[in-house]
Amino acid sequence: EASSVENWHEEIDAMGWERSPSEMELANRLLDYLTPPGMPSPVGAEGELWRYSPAKGVWVEVTDASVAVIMGRWDAAKTADGKAVRINERSLKAARSIAMRLVEDAGFFREVPRGVMLADRFIAVDPIKKTVTEQPPSPDHRARHRVEASPTKPSDLLRKYLSSAHEGEDAASKVQLMGEVAFAALTGTGTAYKKAVLCYGGKGSGKSQYLHLVQSLVPHSAKISVMPQDMGQDYHCASLAGKTLNLVGELEADEFMKEGKFKSIVHGEAVQARHPSERVFQLWPIALHLFNANALPAAPGVSPAFWDRWIIVGFERGWTDDDRALIAGGVDEIGKQITDADMGGLLSWVLDCGKGLVERGKYTIPESSRRLMKEWQAEGDTVAGWLDENCEVLARDARQELWEKFTPAYEDYKMYCSTHNHRPVNSRKFRNRLTCCGVRVTRASSGAIYSIRLLIRI
């Protein structure tokens, strides 16, 4: 990368060596090489080595490949005692590892401004103060990604897409929610609003076009794809470091979702992570988790807190041939048409929606999203679904003679599962799920009783 001081790199390369360098000497010279005059020193954080790039205005990862290029310049250089410097794979890895430890600052990227770096400004987001401000670029922003587009007036094509993406009374709310989700993915504020997002709809409903818009707007360096059931593994956790968007293009209906670290990651709480062959480190994730599904995924045995971490964007419009003809070029590639021609307008729309999100402090929740969440919870958690449809949870002061005995409750639950073509859980899991759903249990002379009442007794 070009330096503000002419021949900066060349001067370091030409410094020479008194003797064959130790791994520590190689590490120190590597750090000198990575520090432009007048710029901050590199930092070791989240299991990686980072340097500030004055040309890009962001902090970039110092990869093994870039270290090999730099240190390869020193291979075969003559020392003062006439020997040759030898750089091999072991010395490359050792120098990078030592350099990372010499400048280690585990929390360097933790307490930093949220936002997004554009070519000429930083859009700073403060979810606590509920403000969105523009600031001159600075190393202190500790940004790791940059968007090349600048906000412009949205094109007619983008406006037509947004006005036709949904139908029904809450169509405008769903469009607003789409923009808010994209804003959270762009600015690294996904964990501030503590929701994972599921785009749900049948084939041809338009959800893939929306996903194309989001992933095209978010820089490549800020994206990753990690399945929710893989988030319990340290390696997968490590891959989330510094990412603002975790996008999974397709969740299968029979995917078995487990809570594991999922709840902590969605909330941005510290989790254990590790890169292959490296030390364990503590990660504070910031990514917005965006998933796509044609059918609601299975999630048996999860707690109520699991459901509280989700929001659904329903894509329920079925596009006919006549509908497609309304938009020039058709709707099948409308996402690509927009990102090819109107990234500035797309960015402007997302920033406008984001201001509303920040001011309210929570996402816009359309009525259709609430309905779909109830449907998913009923399908994904049969006990919770049965409890919602077939039972009344009694007040804390309700007399115990009104409480339901276990056997009739469980038999009613199994009948509910048979009616809805669900597989019932066994009696032990049934008891556990009831208590997880907030139902109280005690023992009476006739056996266990629960603080519920069956709405219809057969």
Side-chain angles (χ1 to χ4, degrees), residues 114 125 127 162 165-166 170-171 173-202 205-218 222-231 240 243-253 255 257 259 261-268 285-297 299 302 305-316 335 346 349-350 353-354 356-358 360-377 380:
R114 300 288 181 95
V125 180
L162 295 175
H166 299 285
D170 65 355
S173 296
K174 287 199 276 190
V175 171
Q176 175 67 25
L177 176 58
M178 288 165 56
E180 293 171 0
V181 169
F183 177 84
L186 183 66
T187 58
T189 53
T191 54
Y193 302 108
K194 306 184 185 307
K195 295 286 187 182
V197 181
L198 179 68
C199 292
Y200 169 66
S205 60
K207 61 187 185 301
S208 61
Q209 302 305 313
Y210 169 63
L211 294 180
H212 179 85
L213 295 180
V214 177
Q215 66 181 358
S216 297
L217 189 61
V218 176
K223 295 179 290 192
I224 195 67
S225 182
V226 180
M227 288 284 189
Q229 58 267 34
D230 292 335
M231 292 180 185
L240 292 170
K243 307 303 183 186
T244 66
L245 172 63
N246 175 38
L247 190 150
V248 176
E250 193 62 51
L251 283 178
E252 298 297 333
E255 286 288 357
M257 283 195 181
E259 294 184 70
K261 293 180 180 178
F262 177 78
K263 293 186 295 184
S264 296
I265 289 173
V266 171
H267 269 210
I286 62 172
L288 181 282
H289 301 275
L290 181 58
F291 305 102
N292 181 40
N294 292 333
L296 297 172
V302 297
F306 173 86
W307 300 110
D308 188 52
R309 284 159 173 80
W310 284 94
I311 185 172
I312 296 182
V313 184
F315 288 80
E316 300 171 278
L346 178 62
W349 167 66
V350 168
C353 291
L357 168 64
V358 175
R360 287 191 312 278
K362 58 183 179 181
Y363 290 110
T364 298
I365 309 294
E367 283 303 314
S368 59
S369 294
R370 301 181 193 277
R371 172 180 54 79
L372 287 170
M373 276 303 304
K374 282 191 173 183
E375 179 182 330
W376 185 20
Q377 190 168 359

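Positions are given from 1, in the same order as the sequence printed here.
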What residues form a side chain to side chain contact (heavy atoms under 4.5 Å, CB included) with [X], not counting sequence neighbours?
X: Lys243; value: Ile224
X: Gln176; value: Glu180, Cys353, Arg360, Thr364
X: Ser369; value: Leu177, Ile365, Pro366
X: Lys195; value: Asp308, Ile311, Tyr363

Check whether any side-chain heavy atom of [X] sits under 4.5 Å from a side-chain heavy atom of [Y], and report yes or no.
X: Val350; Y: Leu217; answer: yes
X: Asn246; Y: Phe291; answer: yes
X: Leu240; Y: Ile286; answer: no

Hey, could you give me the CH2/CH2 distance between Trp376 and Trp310, rounded to the nearest 0.5 Å?
4.5 Å

Under the rule for side chain to side chain donor-acceptor pair (under 3.5 Å), what residues qualify as partners of Asp230, not counting sequence neighbours?
none

Under 4.0 Å between a side-chain nitrogen and a carboxylate oxygen: does that hold for Glu250 and Lys207?
no

Report all side-chain donor-acceptor pairs from residues 184-193 shorter than 3.5 Å, counting only partners two or more places apart or in another chain.
unit_1 : atom_1 : unit_2 : atom_2 : d
Thr187 : OG1    : Phe183 : O      : 2.8
Thr187 : OG1    : Thr189 : OG1    : 2.9

What closest approach, in Å, do Tyr210 and Ala182 show between heavy atoms, and which atom pair accounts for it?
OH-N, 3.8 Å

